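A short worksheet on the structure shown next.
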Amino acid sequence: MDENIFVWIAIAQIPFTYGFIGWFTNWVALKMTFYPISFWGIPPFLGWQGIIPRKANKIGTKFVEVITEKLLNLNDLVQKVDAVVAEKEIMPSLEPIILDATIEFANGIEPNLWTKIPKMIQDEILAKVKKGSGTIIRNIIFDLHKDINSRLDIKNLVYRKLTGSNVSLIVEMFQKVGGPEFLFIERSGFIFGFLLGLLQMVFWYLWPIPWTLPLQGVLVGYLTNYLAIEMIFRPLEPKQYLAWKYQGLFLKRQPEVSSAFAKIVSEKILSPSNILEELLYGKAADLLLEDIQAQISTQIDKIATITKPLILASGKWKHYEESRMQIARSLTEATIVNAKELEGYLFQTLDLEKTMTTKMIHLPPKDFESILRSAFQEDELLLIIIGAMLGAVVGLAQLYFLI
């Protein structure tokens, strides 16, 4: 009698065991998708690296394509930046530096030359330098309006922020953007496993064949992963199944996903800080610096028309060129350092989050699906097979328990 009770208990726990198999295999598959971020083991083959970190370069390339070709138009964006407003944002920080640089310029021609210049002329010189500096800032913005692509390598910026030492950001993006879907994969494993376990319970009661247990474990591990992935991405468009309308879970959340994706991109990839850094220190930095120095030199030449009589009278005109280059370098460095003052204005003006959200919401389902599925599409079969192998192991453990 006691033995019969034990047998019935063992049979009754089959659905729960297979529910556990489904949950466990899906949970492991998800962990293997994201972690470890760096290769763990003995390279190149004995070990594991999360699928997303391992595919970061390829995924990064895909994201570059989506962001730069489908969500943003760089030329349209830069046109939003008002040169006059940009000048007003940055000039207050430049004014003290302009005063110091101007005094240094004068004294570089002759020691204490600035103090010998009448106050009225000093004020006029400073006013012209400030006006000239404002002109420089506006001209830089106008140049960017004309040809932003030669000055800002946005594709390189996006790719660099998602790969290499920044690979953890791409993992974060997938976890935030596809969070509900990944949670569904995990939880659905138990549900699908439990339902399949009910069938196995009946099968075992009628035909208690030992070798069917590990086989069922393989099927549960395989099917729970496969069904979860299919339910996330298919169908692309809503379809009617009798009285039930269904669309892939990820596709159904397109507005919510679009907002989350755009927020991460606008704050951590194409942030004003990163854009300015790419402009000022990226591949086109030398070209931009040459423009700034050339425009500053032109303004200094205009200013020199006021001080020319004084310089000629001092006999120090031969030092003019050297001093001109020095103030050009000083003001160029100051312009670059203080360009950070534009971050708040750029964030509000470009409004990347809203722009990308709007465009992403209207992406065709096929393009939208690829944003999340690109993470593991090539390795879906591998994940499903791993689930099947883990299911076999648990099935063998159950066989040992029952027999």
Side-chain angles (χ1 to χ4, degrees), residues 72-106 121-154 157 266 270-282 284-307 323-352 354-355:
L72 292 178
N73 184 311
L74 194 56
N75 287 318
D76 290 345
L77 281 177
V78 76
Q79 300 305 320
K80 294 181 179 180
V81 181
D82 188 299
V84 176
V85 176
E87 176 194 353
K88 290 179 179 178
E89 290 288 327
I90 199 172
M91 277 306 296
S93 298
L94 280 179
E95 286 182 0
I97 300 162
I98 289 172
L99 173 60
D100 293 340
T102 305
I103 295 173
E104 183 180 349
F105 169 59
I121 297 180
Q122 285 182 356
D123 293 341
E124 186 177 353
I125 291 172
L126 286 173
K128 286 185 175 292
V129 175
K130 290 177 184 178
K131 183 178 179 181
S133 298
T135 301
I136 291 166
I137 295 168
R138 291 197 303 276
N139 286 343
I140 292 170
I141 301 298
F142 291 145
D143 287 344
L144 294 178
H145 283 176
K146 293 175 186 175
D147 185 19
I148 183 63
N149 290 303
S150 67
R151 311 299 176 90
L152 178 60
D153 189 350
I154 192 170
L157 172 57
S266 64
L270 292 178
S271 66
S273 175
N274 289 341
I275 291 174
L276 287 171
E277 182 179 337
E278 182 68 23
L279 275 172
L280 300 173
Y281 304 106
D286 290 343
L287 181 60
L288 183 63
L289 294 180
E290 287 174 10
D291 281 355
I292 296 173
Q293 285 196 344
Q295 293 186 49
I296 288 174
S297 295
T298 300
Q299 296 302 323
I300 293 171
D301 284 335
K302 291 179 180 179
I303 296 165
T305 57
I306 300 175
T307 57
S323 297
R324 183 173 70 88
M325 291 305 298
Q326 179 59 41
I327 192 174
R329 282 192 294 270
S330 298
L331 286 177
T332 299
E333 292 171 3
T335 303
I336 292 172
V337 170
N338 288 278
K340 294 290 184 181
E341 299 295 328
L342 292 174
E343 287 184 17
Y345 168 66
L346 290 177
F347 186 83
Q348 183 177 9
T349 302
L350 298 179
D351 200 6
L352 293 180
K354 181 179 179 181
T355 301

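Small disclaimer: the values here were computed from a predicted structure and weren't measured.
The two atoms that bring Asn75 and Asn73 nearest to each other are N-OD1, 3.1 Å, heavy atoms only. In plain terms, the two heavy atoms of Thr355 and Lys80 that are nearest each other are OG1-NZ, 3.6 Å. Nearest heavy-atom pair, His145 versus Gln79, reported as atom, atom and distance to 0.1 Å: O-NE2, 3.0 Å. The shortest non-hydrogen separation linking Tyr345 to Val85 is CE1-CG1, 3.2 Å.
Within the 4.5 Å cutoff, the side chain of Asp82 has no heavy atoms near those of the Thr349 side chain. For the pair Leu77 and Ile148, the minimum side-chain heavy-atom distance is 4.5 Å or more. Between Ile141 and Val84, the closest side-chain pair of non-hydrogen atoms is not below 4.5 Å. Two residues are said to be in side-chain contact when any heavy atoms from C-beta on lie closer than 4.5 Å; Leu270 and Leu350 fail this criterion. At a threshold of 4.5 Å between non-hydrogen side-chain atoms, the residues Leu152 and Leu74 count as touching.
With sequence neighbours left out, Glu87 forms a salt bridge (charged side-chain N to carboxylate O under 4.0 Å, His left out) with Arg138. Scanning for side chain to side chain contact (heavy atoms under 4.5 Å, CB included) contacts around Glu343 gives Pro272, Ser273, Leu276, Lys340, with sequence neighbours left out. Asp351 meets the side chain to side chain contact (heavy atoms under 4.5 Å, CB included) test with Lys354; sequence neighbours excluded.
At most 12 non-hydrogen atoms from other residues, nucleotides or ligands lie less than 6.0 angstrom from CZ of Phe347. Under a cut-off of 6.0 angstrom, the local environment of NZ in Lys88 is sparse, with at most 12 non-hydrogen atoms contributed by other residues, nucleotides or ligands.
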